[in-house]
Amino acid sequence: MLAIGNDTVKEKLANFKSSLKDAVTKKDEKLQDLGYVSYLEQM
């Protein structure tokens, strides 16, 4: 992968993966709180 040899790309990839994980976790919490029907109605 490109990130192996380039520290800047490696750091950006790590930040992207972290932000993606946070976004998915936040959406999952909302889904669990609302239930899937209400969650989908809000989309």
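These numbers were taken from a predicted model, which means no experiment stands behind them.
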*Asks:* Okay, side chain of Ser18, backbone of Ala14: is any donor-acceptor separation there less than 3.5 Å?
*Replies:* no

*Asks:* Linking directly or through intermediates, with side-chain heavy atoms under 4.5 Å: list the remaining ILVMFWY members grouped with Leu20, chain and number order.
*Replies:* Phe16

*Asks:* Between Leu34 and Lys30, is a side chain to side chain contact (heavy atoms under 4.5 Å, CB included) present by the stated rule, with each step listed?
*Replies:* CA-CA 6 Å; Leu34 296 176; Lys30 185 176 180 182; 3.8 Å; yes

*Asks:* Using the rule that two of Ile, Leu, Val, Met, Phe, Trp, Tyr join whenever any of their side-chain heavy atoms come within less than 4.5 Å, decide whether Val24 and Leu31 are in one cluster.
*Replies:* no

*Asks:* List the residues meeting side-chain hydrogen bond (donor to acceptor under 3.5 Å, both in side chains) with Glu29, not counting sequence neighbours, and say none if there are none.
*Replies:* none

*Asks:* When rounded to the nearest 0.5 angstrom, what is the spacing between CG in Asn6 and CD in Glu11?
*Replies:* 10.5 Å

